[in-house]
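Structure, as structure tokens:
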Amino acid sequence: MRLNQNTLLLGKKVVLVPYTSEHVPSRYHEWMKSEELQRLTASEPLTLEQEYAMQCSWQEDADKCTFIVLDAEKWQAQPGATEESCMVGDVNLFLTDLEDLTLGEIEVMIAEPSCRGKGLGTEAVLAMLSYVTTLGLTKFEAKIGQGNEPSIRMFQKLHFEQVATSSVFQEVTLRLTVSESEHQWLLEQTSHVEEKPYRDGSAEPC
């Protein structure tokens, strides 16, 4: 989504930056060679060229929004540190029904094993939800593998409720509708998140 290509979201545990071509070869492509991550994200292995094409799609398509998740502590503690050295995962949202632009499907991946279970995924999802509600989205779904208990529990803590189970795809669907009270709760949870310009608007086009 070109709308977020110059947006950086700074939280306490994570920094969210747009997914650019610079993130592909050194970390992202290596992550997605992992059979565990392929299973958890229901992904197929891609060639490097296919990964670049996928990145371009996430950057350009109006129905997708993605941020790379950086470890905020590492990013802030090392002035001049490259984003690639601080990458821990990504958080994505895409519109699943072009007749209902208030509905989006959200997913998060903390790819670095040492960074799991520390709340980075939780803050990344909260920051993404807060960001896209300003774009008019009010309903969210998360589809998670039945065996991925940590992810299911995390979304339930964020007020998502399980609404469906698919034995064919071995996944559960959780949903959140952002009412006025939920929106207020979301604002409280993300009051510390700062929105800043990303590289002074110099994100490279595909």
Side-chain angles (χ1 to χ4, degrees), residues 1 4 9 11-17 19 23 27-46 51 54-55 58 63-74 86-97 103-133 137-178 182 185-186 188-190 193:
M1 182 179 284
N4 80 312
L9 300 177
K12 292 178 180 177
K13 296 183 178 183
V14 300
V15 181
L16 304 188
V17 297
Y19 182 24
H23 299 126
R27 298 296 288 280
Y28 203 91
H29 185 59
E30 292 303 312
W31 284 341
M32 298 317 295
K33 291 179 181 178
S34 161
E35 292 184 4
E36 178 196 19
L37 289 178
Q38 290 172 20
R39 175 177 55 80
L40 290 174
T41 60
S43 303
E44 296 293 330
L46 300 177
E51 203 72 73
M54 185 70 74
Q55 177 274 322
W58 279 103
D63 61 346
K64 301 183 180 75
C65 181
T66 191
F67 286 99
I68 291 293
V69 180
L70 309 182
D71 181 331
E73 183 179 0
K74 191 174 182 181
C86 302
M87 287 170 61
V88 298
D90 68 352
V91 58
N92 309 309
L93 183 132
F94 47 97
L95 303 178
T96 54
D97 183 353
L103 172 65
E105 183 175 332
I106 191 166
E107 55 190 20
V108 64
M109 173 182 73
I110 301 301
E112 293 293 331
S114 63
C115 295
R116 295 174 189 163
K118 297 182 177 180
L120 279 71
T122 297
E123 188 177 59
V125 170
L126 283 168
M128 172 66 97
L129 290 174
S130 181
Y131 176 72
V132 296
T133 52
L137 279 81
T138 58
K139 295 175 292 192
F140 301 95
E141 288 186 347
K143 295 183 179 180
I144 306 167
Q146 288 177 326
N148 192 351
E149 286 293 335
S151 188
I152 293 172
R153 286 196 301 270
M154 184 198 74
F155 275 98
Q156 288 174 333
K157 287 180 181 177
L158 298 180
H159 300 183
F160 280 70
E161 296 181 355
Q162 186 170 323
V163 294
T165 303
S166 171
S167 55
V168 175
F169 295 105
Q170 294 289 296
E171 66 182 17
V172 298
T173 299
L174 298 98
R175 180 174 293 172
L176 170 68
T177 299
V178 182
E182 286 286 359
W185 177 81
L186 186 58
E188 291 169 359
Q189 299 302 307
T190 57
V193 177

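For clarity, every value in this text was computed on a predicted model and none was experimentally measured. In this chain, residues are counted from 1 in sequence order.
- Taking all atoms of both residues into account, the shortest heavy-atom contact from Gly11 to Ala72 is O-CB, 4.1 Å.
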Verdict with reasoning, Val17 to His23, per side-chain contact (heavy atoms from CB on, under 4.5 Å): CA-CA 10 Å; Val17 297; His23 299 126; 4.0 Å; yes
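- Shown here are the side chain to side chain contact (heavy atoms under 4.5 Å, CB included) partners of Glu73, two or more places apart in sequence or in another chain: Asp71.
- Within the 4.5 Å cutoff, side-chain heavy atoms of Leu176 are placed close to those of Val178.
- Going from atom CZ of Phe155 over to atom CD1 of Ile144 covers 5.0 Å, rounded to the nearest 0.5 Å.
- The side chain to side chain contact (heavy atoms under 4.5 Å, CB included) check on Met109 picks up Tyr28, Trp31, Met32, Leu37, Thr41, Asp90, Ala111, with sequence neighbours excluded.
- Heavy-atom neighbours of Gln162 CD from other residues, nucleotides or ligands within 6.0 Å: above the threshold of 12.
- Residues Leu16 and Val193 are not in side-chain contact: their nearest non-hydrogen atoms beyond the backbone lie 4.5 Å or more apart.
- The CG atom of Leu93 sits 8.0 Å away from the CG atom of Leu129 when rounded to the nearest 0.5 Å.
- His159 pairs by the ring-ring contact (aromatic ring centres under 6.0 Å, His included) definition with Trp185, not counting sequence neighbours.
- Nearest heavy-atom pair, Tyr131 versus Cys65, reported as atom, atom and distance to 0.1 Å: CE2-SG, 4.2 Å.
- Nearest heavy-atom pair across Asn4 and Thr66 is ND2-O, 3.0 Å.
- Every residue two or more places apart in sequence or in another chain that forms a side chain to side chain contact (heavy atoms under 4.5 Å, CB included) with Thr96 is listed here: Phe94, Leu103, Glu105.
- Shown here are the ring-ring contact (aromatic ring centres under 6.0 Å, His included) partners of Phe140, two or more places apart in sequence or in another chain: there are none.
- When side chains are defined from C-beta on, Ile106 counts as touching Met128, because their heavy atoms get closer than 4.5 Å.
- Put simply, the side chain of Thr177 does not reach to within 4.5 Å of the side chain of Thr138, judged on heavy atoms.
- Scored by the side-chain hydrogen bond (donor to acceptor under 3.5 Å, both in side chains) test, Thr190 finds Ser130 as partners (sequence neighbours excluded).
- Counting only distance, with no hydrogens or angles, the side chain of Glu171 and the backbone of Lys143 share no donor-acceptor pair below 3.5 Å.
- Judged by distance alone, with hydrogens and angles left aside, the side-chain atoms of Lys13 form a donor-acceptor pair with the main-chain N or O of Lys118 at under 3.5 Å.
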Evaluation steps, side-chain contact (heavy atoms from CB on, under 4.5 Å), between Leu70 and Met87: CA-CA 4 Å; Leu70 309 182; Met87 287 170 61; 3.8 Å; yes
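- By the side chain to side chain contact (heavy atoms under 4.5 Å, CB included) test, Gln146 is found to be paired with Thr165, Gln170, Val172, residues two or more places apart in sequence or in another chain being considered.
- Separating the CG atom in Leu174 from the CG atom in Leu158 is a distance of 10.5 Å, to the nearest 0.5 Å.
- Closest approach of Gly145 and Ile152 over heavy atoms only: O-CD1, 3.8 Å.
- Among all heavy-atom pairs drawn from Ala124 and Val108, the shortest one is CB-CG2, 4.4 Å.
- Every residue two or more places apart in sequence or in another chain that forms a salt bridge (charged side-chain N to carboxylate O under 4.0 Å, His left out) with Lys139 is listed here: Asp100.
- Annotation: side-chain hydrogen bond (donor to acceptor under 3.5 Å, both in side chains) contacts of Glu141 (sequence neighbours excluded): Arg175.
- For Glu112, the salt bridge (charged side-chain N to carboxylate O under 4.0 Å, His left out) test picks out Arg27, with sequence neighbours left out.
- Qualifying side-chain hydrogen bond (donor to acceptor under 3.5 Å, both in side chains) partners for Glu107, counting only residues two or more places apart in sequence or in other chains: Asn92.
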